[in-house]
Amino acid sequence: MDSARDLCRDAIYEVLTRSSMEFVGKWRLLSKEYNKLTYESLFTRLHSQRTNIVSGFFIQSMIKNKYQVPFVSTDAVKTHMQIPFDFLPEHVEIVSSTNQGVLLCHAHNKSCYYVCIPSIQQWQKIPNPKTRYDTIEFGLMIERSKPLRYKIVRFSKPKFRSYKEFYMYQCIRVELFESAIWKWKLSDEVKLPHEESIHRMTKVSVNGSFHWLTWKGNVFAFDIKRESHCLFPLPLSTSEGNDKDIRLTDYKGKLAMTCIDREKNFMEVWIMEDHDRKRWSKRHSINIGVLTRKKPHVSPLAFCNADVVLMGEYFHDVIFLNFKTRHIDMLRLGRGLLHGCFPF
């Protein structure tokens with residue numbers, strides 16, 4: 001019986017290494033065992049080789065007031081690539097991305113927005129939101145791949161607030177765009193506690209919601225389907241996190257928090273195990289001294305799989321750290337100032 005079960009498991013594993021990411025994603029939801037297996041380094045490397053599907057990150061930087069967007073594959077053996085954006089009508093900045101390979105971009109010269117798929121060089125220009133309000137953040141979420149259906153949320157600053165609101169709340173305008181009806185609509189305003197605000201460039205999309213760090217050490221979550229939001233604490237108290245580098249990220253499909261203690265050269269990884277109850281658990285405590293001795297100011301950008309984390313500094317390099325084997329791969333991208341890491 002055990003040999004038959006092992007044979008079946010091996011056959012399923014072989015099928016998954018040759019399947020689309022959408023199919024792999026369904027198996028991750030169906031089985032805890034395959035959820036674990038398909039995030040391991042061996043699987044992600046085999047899957048990339050056998051399917052020719054490239055996964056990775058756009059590392060956006062700015063050089064001489066112009067955005068540069070090299071693509072870094074999760075397969076650290078491959079060097080970084082330049083994926084051309086010249087199929088778009090003008091030069092753009094990436095403002096949001098999805099795991100399905102769809103990007104939301106902003107063209108500053110004409111103040112317009114494009115949803116595009118760089119791998120097949122297709123794009124759509126979408127109607128502008130109310131651009132007289134200063135943008136805080138964007139989020140793009142795919143509802144369906146065929147035909148392509150998506151939603152966009154935009155947070156912006158209201159022009160005027162009452163005296164009472166100014167001293168009691170941090171108000172945020174919320175606009176939603178639905179591709180199915182091709183128009184923007186104004187949703188209910190978000191009111192955060194006074195002196196609380198969203199930390200830009202910290203967005204993580206998991207469980208149908210976008211998540212951002214806030215300046216007061218909490219997590220702001222917005223559910224784009226329900227058009228609802230909540231604010232909940234990190235697993236560390238504000239006093240514990242004061243002198244540490246704290247980031248939000250996606251780890252194996254779950255919301256995660258990384259915390260670097262630079263005095264001790266350790267990085268903790270906390271996972272939200274129960275999203276409904278907002279229950280965190282510490283998953284890893286990683287000695288990063290082998291890396292910080294060479295690059296003392298590195299911070300985690302994203303996890304490539306269960307074993308490998310992509311790290312970066314403000315300038316120059318990105319680093320792949322396998323925290324199980326302690327192996328390090330470095331890629332030099334240029335001298336631009338880092339303006340975001342976008343999974344793709």
Side-chain angles (χ1 to χ4, degrees), residues 21-32 34-40 43-44 55-58 74 94-104 137-145 149-153 155 174 176 190 198-214 217-236 246-259 268-284 299-310 340-344:
M21 286 306 301
E22 186 177 5
F23 187 76
V24 173
K26 291 177 180 178
W27 271 88
R28 285 172 174 170
L29 294 174
L30 290 171
S31 166
K32 288 184 178 180
Y34 290 105
N35 182 72
K36 181 180 179 181
L37 284 173
T38 55
Y39 278 109
E40 291 178 353
F43 177 87
T44 57
S55 298
F57 307 92
F58 284 112
T74 52
I94 300 173
V95 295
S96 192
S97 70
T98 69
N99 288 329
Q100 294 88 350
V102 184
L103 304 177
L104 174 63
E137 266 286 17
F138 275 98
L140 169 67
M141 189 167 288
I142 305 302
E143 294 186 304
R144 186 193 306 169
S145 296
R149 293 287 184 268
Y150 53 87
K151 285 186 177 181
I152 300 170
V153 62
F155 299 136
V174 181
L176 294 169
V190 169
I198 294 173
H199 195 319
R200 296 186 183 188
M201 292 173 58
T202 63
K203 177 175 66 223
V204 177
S205 175
V206 292
N207 295 317
S209 295
F210 296 108
H211 303 79
W212 288 267
L213 279 176
T214 71
N218 294 303
V219 178
F220 170 74
F222 185 85
D223 187 318
I224 197 167
K225 291 182 180 179
R226 299 178 182 176
E227 299 182 27
S228 62
H229 69 276
C230 64
L231 194 68
F232 56 90
L234 293 168
L236 301 177
I246 294 175
R247 306 291 174 108
L248 287 185
T249 187
D250 177 338
Y251 182 71
K252 297 170 65 174
K254 293 184 177 182
L255 181 66
M257 182 205 79
T258 59
C259 176
E268 294 180 352
V269 182
W270 291 74
I271 309 297
M272 178 159 283
E273 300 287 2
D274 189 329
H275 204 272
D276 293 330
R277 297 180 181 179
K278 305 296 184 285
R279 182 171 61 84
W280 298 87
S281 67
K282 186 162 70 171
R283 182 67 61 87
H284 299 290
S299 295
L301 299 176
F303 284 92
C304 302
N305 50 49
D307 315 324
V308 179
V309 59
L310 180 67
C341 174
F342 299 89
F344 181 78

S.K.: What are the two closest non-hydrogen atoms of S145 and Q100, and how far apart are they?
M.R.: OG-CG, 4.3 Å

S.K.: With a 4.5 Å limit on heavy-atom distance, are the side chains of L248 and L234 in contact?
M.R.: yes

S.K.: Any chance CD of E22 has more than 12 other-residue heavy atoms, nucleotides or ligands included, within less than 6.0 Å?
M.R.: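 For E22, atom CD is not crowded (no more than 12 foreign heavy atoms under 6.0 Å).
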
S.K.: Does K252 have any salt bridge (Lys or Arg N to Asp or Glu O under 4.0 Å) partners at least two apart in sequence or in another chain, and if so, which?
M.R.: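 For K252, no residue satisfies salt bridge (Lys or Arg N to Asp or Glu O under 4.0 Å) once neighbours in sequence are set aside.
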
S.K.: Would a distance-only check, ignoring hydrogens and angles, find a side-chain to backbone donor-acceptor pair under 3.5 Å from W270 to C259?
M.R.: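 No, W270 side chain to C259 backbone: no donor-acceptor pair under 3.5 Å.
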
S.K.: What are the two closest non-hydrogen atoms of T44 and N305, and how far apart are they?
M.R.: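 The answer is OG1-ND2, 3.3 Å.
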
S.K.: One pair to check against side-chain contact (heavy atoms from CB on, under 4.5 Å): N99 and M21. What are the steps and the verdict?
M.R.: CA-CA 9 Å; N99 288 329; M21 286 306 301; over 6 Å; no

S.K.: Can you tell me how far CG of N35 sits from CG of L30, rounded to the nearest 0.5 angstrom?
M.R.: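 Answer rounded to 0.5 Å: 10.5 Å.
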
S.K.: Residues two or more places apart in sequence or in another chain: which of them pass side-chain contact (heavy atoms from CB on, under 4.5 Å) with E40?
M.R.: K36, L37

S.K.: Please name the pair of heavy atoms, one in T258 and one in P300, separated by the smallest distance, quoted to 0.1 Å.
M.R.: OG1-CG, 3.1 Å

S.K.: Hey, is the main chain of A256 close enough, under 3.5 Å, to the side chain of T249 for a donor-acceptor pair?
M.R.: no

S.K.: Which atoms form the tightest heavy-atom contact between D250 and V204, and what is the distance?
M.R.: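 So the minimum-distance heavy-atom pair works out to N-CG1, 3.9 Å.
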
S.K.: For a quick test of reading the model, state the closest non-hydrogen atom pair linking W212 to K203 and the distance between them.
M.R.: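 Heavy atoms only, the tightest pair is NE1-CB, 3.4 Å.
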
S.K.: Side chains of V309 and Y251: does their closest heavy-atom pair fall under 4.5 Å?
M.R.: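 Side-chain contact under 4.5 Å: no.
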
S.K.: I'd like to know if the side chain of Y39 reaches the main chain of R28, judged simply by a donor and an acceptor atom lying under 3.5 Å from each other, with no hydrogens or angles considered.
M.R.: no

S.K.: Could you report the tightest heavy-atom contact between A221 and F232, atom names first, then the distance?
M.R.: CB-CE2, 4.0 Å

S.K.: Is there a donor-acceptor contact under 3.5 Å from the side chain of S96 to the main chain of L140?
M.R.: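 The answer is yes, because a donor-acceptor pair under 3.5 Å joins these two groups.
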
S.K.: When you compare the side chain of C230 with that of K278, does any pair of heavy atoms fall below 4.5 Å?
M.R.: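 When only atoms from C-beta onward are counted, C230 and K278 do touch, with a gap below 4.5 Å.
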
S.K.: Walk me through it: do Y150 and V102 pass the test side-chain contact (heavy atoms from CB on, under 4.5 Å)?
M.R.: CA-CA 10 Å; Y150 53 87; V102 184; 5.6 Å; no

S.K.: Does T38 use its side chain to pair, donor to acceptor, with the backbone of Y34 at less than 3.5 Å?
M.R.: yes

S.K.: Please tell me whether F155 and F210 form a close aromatic pair, meaning their ring centres lie under 6.0 Å apart.
M.R.: no

S.K.: Mark yes or no for whether K254, through its side chain, and H275, through its backbone, hold a donor-acceptor pair below 3.5 Å.
M.R.: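 Not at all, since once roles are kept as given, no pair shorter than 3.5 Å links the two residues.
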
S.K.: Do M141 and S205 have side chains that get closer than 4.5 Å, going by heavy atoms?
M.R.: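 M141 reaches S205 side chain to side chain.
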
